[in-house]
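Okay, so here's the structure we're looking at.
Quick caveat, the model's predicted, so the values are computed rather than measured. Because only heavy atoms are used, hydrogens play no part in the values below, and waters and symmetry mates are left out as well, while side chains stay in.
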Amino acid sequence: MKRVRKAVFPVAGLGTRFLPATKSIPKEMLTVVDRPVIQYVVDEAREAGIEHFIFVTGRNKGVIEDHFDLQFELNETLAQRGKTEQLEYLQKLQPGPGQTSFTRQQVPLGLGHAVWCARDIVGDEPFALLLPDMIMQSEKSCLKDMVELYGETGNNIIAVQECDPAEAHKYGIVGKGKDIHNGFEITQMVEKPKAGTAPSNLFINGRYILQPEIFEVLASQERGAGNEIQLTDAMLKLEKRQPFFGYHYRGSTYDCGSPEGFVEANIAFALARPAMRSGVLAMLERLIADLDPGSDA
């Protein structure tokens, strides 16, 4: 069984829900407290043992590459000013030489196409796929537990978590089979099932471990919803040849691809910091108290 060493991050999206901010700043570089969204996702992958970080980018995304590059002038300035703690923190976040790769998607043809664009860098080995809009908050990283499940099964792994059953029609939903180690067999995958027909309330939350055979399927995958090449369609085809397992993640997930989720993530991660908690709580209480009960808000 080959170890999961590589992770793919599809970061070519335009971020139209955050205009005008994303005219000049990639949505993945918007900050949650003091770190870009993409940094949280990369840190999760690093905690899981990932050694090679593969970014599928688009135009005007060069700042992501710069962010993960060595900033000599900044490091030198921090060293000269004796800011050792900040310097050590930045160095801890810095990928090593040769640990990052960047490839262009060039045309916006969906998540499945973005994954396919990483095929030559991934090669013939399993890989993790992390959607950068989704950042997670838990004691142990979601992907780390998924890697452990992969070690038991050696097959495709999808992270899921519970949603309100009434909301299941908004998500990709899986059917649950028998339990395996810290996961379960997936019996079905349904993309946005009709209301009342979902096999469970377990939705796919943006973390995957996939076998390289997915690239072969994506190479001939026809366009689906939104006239895009959908990853779920390709996984449904691969499911006929290889088993899929689910990992039931029980932490918190914040969808930073929406303004509401982005604000929620900022509040949640700020409250998780002891030095900020009391100040943020007081601020929230003040803002809530100042709301006009008769306003639309």
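- The CG atom of L19 lies 8.5 Å from the CG atom of L14; values are rounded to the nearest 0.5 Å.
- Remark: side-chain polar atoms of N201 are paired, donor with acceptor, to backbone N or O of C163 under 3.5 angstrom.
- The neighbour count for E222 CD, taken as heavy atoms of other residues, nucleotides or ligands under 6.0 Å away, is above 12.
- If you chain together hydrophobic residues whose side chains sit under 4.5 Å apart, L130 and I50 fall into the same group.
- The two residues Q105 and A12 make their nearest non-hydrogen contact at OE1-CB, 3.3 Å.
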task = Determine, step by step, whether L143 and M136 satisfy the side-chain contact (heavy atoms from CB on, under 4.5 Å) criterion, reporting the C-alpha distance in whole Å, the side-chain angles of both residues, the deciding distance to 0.1 Å, and the verdict.
result = CA-CA 10 Å; L143 188 62; M136 299 181 173; over 6 Å; no
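- Looking at heavy atoms from C-beta onward, I173 lies in side-chain contact with S200 at the 4.5 angstrom threshold.
- E125 and R3 are not joined by a salt bridge, as no carboxylate oxygen comes within less than 4.0 angstrom of a charged side-chain nitrogen.
- Between F55 and F68, the distance separating the two ring centers is shorter than 6.0 angstrom.
- Across P10 and P132, no two heavy atoms sit closer than the pair O-CG, 3.1 Å.
- E44 has a carboxylate O that lies under 4.0 Å from a charged side-chain N of R207, or vice versa, which qualifies the two as a salt bridge.
- When hydrophobic clusters are built by joining Ile, Leu, Val, Met, Phe, Trp and Tyr residues whose side-chain heavy atoms come closer than 4.5 Å, directly or via intermediates, Y249 is grouped together with F245.
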request  = In sequence, state the C-alpha distance, the side-chain angles, and the governing distance for L238 and N156, and then conclude on side-chain contact (heavy atoms from CB on, under 4.5 Å).
outcome  = CA-CA 10 Å; L238 186 59; N156 304 281; 3.9 Å; yes
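- The nearest pair of heavy atoms linking V217 to A234 is CG1-O, 3.6 Å.
- Taken to the nearest 0.5 Å, the CG atom of N266 stands 7.5 Å off from the SG atom of C256.
- Under a 3.5 Å cut-off, the side chain of T197 and the backbone N or O of P193 do not form any donor-acceptor pair.
- Side chains of Q161 and L202 form no contact here, defined as non-hydrogen atoms less than 4.5 Å apart.
- A donor-acceptor contact shorter than 3.5 Å links the side chain of Q99 to the backbone of E51.
- The distance from atom CE of M283 to atom CD1 of I288, rounded to the nearest 0.5 Å, is 9.5 Å.
- The backbone N or O of Q91 lies less than 3.5 Å from no partner atom in the side chain of Q94, so there is not a single donor-acceptor pair.
- Of all heavy-atom pairs spanning G15 and T22, the tightest one is O-OG1, 2.7 Å.
- Within 6.0 Å of atom CG in N60, 12 or fewer heavy atoms from other residues, nucleotides or ligands are found, so the atom counts as exposed in its surroundings.
- Panel note: side chain R17, backbone G257; a donor-acceptor pair is recorded below 3.5 Å.
- Hydrophobic clustering (side-chain heavy atoms under 4.5 Å, transitive across Ile, Leu, Val, Met, Phe, Trp, Tyr) groups I157 together with V147.
- The shortest distance between side-chain heavy atoms of K83 and T77 does not fall below 4.5 Å.
- S101 and H52 share a donor-acceptor pair across their side chains, judged by distance under 3.5 Å alone.
- Within the model, atoms OG1 of T100 and CD1 of I64 stand 12.0 Å from one another, a figure rounded to the nearest 0.5 Å.
- At a threshold of 4.5 Å between non-hydrogen side-chain atoms, the residues T103 and T57 do not count as touching.
- Cation-pi geometry between K27 and F18 is not met: the NZ or CZ atom fails to fall both under 6.0 Å from the ring centre and inside 45° of the normal.
- When atom types are taken as modelled, the side chain of K61 and the backbone of V11 share a donor-acceptor pair closer than 3.5 angstrom.
- Side-chain contact check for T232 and E191: at least one donor-acceptor pair (N or O, by modelled atom type) lies under 3.5 Å.
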task = Using the salt bridge (Lys or Arg N to Asp or Glu O under 4.0 Å) rule, take D34 and R273 through it: C-alpha gap first, then chi angles, then the decisive distance, then the call.
result = CA-CA 12 Å; D34 58 2; R273 299 192 182 189; 2.7 Å; yes
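- Between Y247 and Y150, the distance separating the two ring centers is not shorter than 6.0 angstrom.
- Atom CZ of F244 and atom CG of L236 lie 8.0 Å apart (nearest 0.5 Å).
- Using a 4.0 Å cut-off between charged nitrogen and carboxylate oxygen, E148 and K140 count as a salt-bridge pair.
- Side-chain contact check for H169 versus K192: every heavy-atom pair is 4.5 Å or farther apart.
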query = Does the pair H67 and Q39 meet the rule for a side chain to side chain donor-acceptor pair (under 3.5 Å), with working shown?
reply = CA-CA 9 Å; H67 175 73; Q39 184 71 62; 2.8 Å; yes
query = For Q221 and H113, what are the C-alpha separation, side-chain angles and deciding distance, and is it a side-chain contact (heavy atoms from CB on, under 4.5 Å)?
reply = CA-CA 9 Å; Q221 178 64 48; H113 181 261; over 6 Å; no
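- Between M134 and D255 there is a side-chain heavy-atom pair separated by less than 4.5 Å.
- Taken together through direct or relayed side-chain contacts under 4.5 Å among Ile, Leu, Val, Met, Phe, Trp and Tyr, L210 and F184 form part of one hydrophobic cluster.
- Under the 3.5 Å distance criterion, the side-chain polar atoms of E139 are left unmatched by any main-chain donor or acceptor of G251.
- With respect to E213 and R241, no salt bridge is recorded, no charged nitrogen being found less than 4.0 Å from a carboxylate O.
- V41 has its side chain within reach of I135: a pair of non-hydrogen atoms, C-beta onward, lies under 4.5 Å apart.
- The minimum heavy-atom distance between M276 and A270, with the atom names listed, is CB-O, 3.6 Å.
- Looking at K237, R119, Q242, M235 one by one, the single match for side chain to side chain contact (heavy atoms under 4.5 Å, CB included) with I214 turns out to be M235.
- Distance check, rounded to the nearest 0.5 Å: OG of S141 to CD of E47 gives 4.0 Å.
- The heavy-atom pair separating A118 from I54 by the smallest distance is CB-CG2, 4.1 Å.
- F203 and V174 fall into different hydrophobic clusters, where Ile, Leu, Val, Met, Phe, Trp and Tyr side chains are chained together by heavy-atom contacts under 4.5 Å.
- Side chains of Q211 and N155: no donor on one and acceptor on the other come within 3.5 Å.
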key: side-chain contact (heavy atoms from CB on, under 4.5 Å) evaluation trace for V56 with V8   = CA-CA 7 Å; V56 182; V8 174; 4.0 Å; yes
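- The shortest distance between side-chain heavy atoms of Y40 and F269 falls below 4.5 Å.
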